[in-house]
There are 2 protein chains.
Amino acid sequence: MSYTTSTLPAPATKEDALRENVIVAAQRLFQHYGLAKVTLEDIAKAIGKGKSTLYYYYKSKEEIFTAVMDREIGEVMVEMAKAVEAATTAEEKLCVFSLTKLRALRKKLALYGIVCKEVNSQAEFTCAMRQSYMKRESVLLRGILRFGIETGELGRLSPTDVDALVFVMLSGLHGMELEMMGNNNFDMLEPAVGILTRSLIHGLKS
Amino acid sequence: MSYTTSTLPAPATKEDALRENVIVAAQRLFQHYGLAKVTLEDIAKAIGKGKSTLYYYYKSKEEIFTAVMDREIGEVMVEMAKAVEAATTAEEKLCVFSLTKLRALRKKLALYGIVCKEVNSQAEFTCAMRQSYMKRESVLLRGILRFGIETGELGRLSPTDVDALVFVMLSGLHGMELEMMGNNNFDMLEPAVGILTRSLIHGLKS
DNA sequence: TTTCGACTAAAAATAAATTTCGGTCGAAAA
DNA sequence: TTTTCGACCGAAATTTATTTTTAGTCGAAA
């Protein structure tokens, strides 16, 4: 049985195809059985090969794990980038950046059976890729701010202020995510993102 | 050896005094040895009594633990309330609310020897009292917003918006705290609180 | 070049034995 | 009557021992 994804370009070589097979199979197994439960034997069997074969294409289990996490994060980033692209103002872009991120992550966690009370114990998922993930989000968010400044919608910000603002937004959204996951209550998601965006853009001043 | 705190009013009765002794001793032992390591035997010996005596004044170890956490949180809240009281504008109040909270919590965690990488594993400290803690902070923060609206510094906000804004700020500050703790890097603390407050009050619009 | 069975060593899991500690009780002292 | 505590129990935690699992390697074969 061969795993392929219909949304990605066809792999260039037979080797690329097999590498892709490994990752896709691993992704599905991780989603189905959880991150800690899946063995290399499982993955190998899923693509019809022996366990040693995996070591021809990947250095270690960790390398496969990292590639899967990159894939998951990439999927969320694509979704976020698309939503940001479709918005026309900086305010709207910031809004959909936050909404799409929180919704997509929620779906990802649900896919992995990571339900609400277990978020903190799933350190692998949140910490393993967080640095890389925040870097990608930071790029997207900086793009939104730059766009707003260039169109005149936003005032000028010093590089230090941009750094600080990006830090505030990304870590702040993470805190919101943890709080909603922890209480298993997402009712506040849209009002929260709404007031966050509105007050950041327009301010609370009368 | 009798533990007393010089900043609190003297206990009304001998029983109150002993109850206070228990809490102060427990607090110091928790700080010194960590939350999981301290036994009731330790606490009893620290105040020169037998272990069973503790059960005359407290229902369970958990009740003592809760009282200690209330004490710790109360100390942070007092510090925050004082700083907010001393500020004159809503913007300033929001600023010192955030700065004081993040600094005070950092000191508390340091006191417990909870260094940066261990924050997530110290679920007891963060989760055991979080609900109560956020409730108290919510009261203080709502007071700041009400003050700003009453002085005309801030525009009117619907109750739903106030709820959402409070949620955003508290969970957002928690996310910032986790990020700084996780990276063991507090350089961003003041710039982050600065831009957060400024953009919330004045907005980013040009 | 690609594949894999056999193998190793470390890690993880399981089981058994031992120790620790929260909590209770009844009696004694204040 | 209030306060105190040693003795005790049972559950939980820890430690030790044993077994099983799994990541990774190697050499040979296709």
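Per chain, numbering begins at 1; letters A, B, ... match sequence-line order. Values in this document were obtained by computation on a predicted structure and should not be read as measured data. Atom set for the values below is all heavy atoms of this structure, side chains included, hydrogens, waters and symmetry mates excluded.
In DNA chain D, runs of at least 3 consecutive Watson-Crick or G-U pairs, each pair with both distances below 3.5 Å, span C:1-30 with D:1-30.
Regarding B/I64, its CD1 atom lies at a distance of 9 Å from the P atom of C/dG23, rounded to whole Å. One atom, CZ of B/F65, and another, P of C/dC21, lie 17 Å apart when rounded to the nearest Å. One can place CG of A/L40 at 6 Å from P of D/dG24, the figure rounded to the nearest angstrom. If you measure from atom NZ of B/K49 to atom P of C/dG23, you get 20 Å, rounded to the nearest angstrom. Atom C1' of nucleotide D/dC5 and atom CD1 of B/I43 are separated by 17 Å, given to the nearest angstrom. The distance from atom NZ of B/K14 to atom C1' of D/dT4 is 11 Å, rounded to the nearest whole Å. Distance, A/R19 CZ to C/dT3 C1': 16 Å, rounded to whole Å. In this structure, CG of B/D42 is placed 13 Å from C1' of C/dG22, rounded to the nearest angstrom.
A salt bridge between B/E153 and B/K93 is absent, with no side-chain N of the basic residue lying under 4.0 Å from a carboxylate O of the acidic one. The existence of a salt bridge linking A/K37 and A/D42 is excluded, since no basic side-chain nitrogen approaches an acidic carboxylate oxygen closer than 4.0 Å.
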Run A/D70 and A/R136 through salt bridge (Lys or Arg N to Asp or Glu O under 4.0 Å) and show every step you take. CA-CA 11 Å; A/D70 275 343; A/R136 298 197 209 185; 3.3 Å; yes

Any chance you could lay out the salt bridge (Lys or Arg N to Asp or Glu O under 4.0 Å) test for A/R103 and A/E177, step after step, and finish with the verdict? CA-CA 9 Å; A/R103 282 175 178 149; A/E177 175 192 352; over 6 Å; no

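Judged as a side chain to side chain contact (heavy atoms under 4.5 Å, CB included), and not counting sequence neighbours, the contacts of B/E150 are B/R146. Annotation: ring-ring contact (aromatic ring centres under 6.0 Å, His included) contacts of A/F97 (sequence neighbours excluded): none. Residues forming a salt bridge (Lys or Arg N to Asp or Glu O under 4.0 Å) with B/K101 (at least two apart in sequence, or on another chain): B/E137.
Pairs passing the salt bridge (Lys or Arg N to Asp or Glu O under 4.0 Å) check and including a residue from residues 162-176 of chain A, sequence neighbours excluded, read A/R142-A/D163.
Non-hydrogen atoms lying under 4.0 Å from DNA chain D are contributed by B/S52, B/T53, B/Y56, B/Y57, all within residues 51-59 of chain B.
For the pair A/M169 and A/L94, the minimum side-chain heavy-atom distance is below 4.5 Å.
Between A/V38 and B/G50, it is B/G50 whose nearest contact on DNA chain D lies nearer the 5' terminus.
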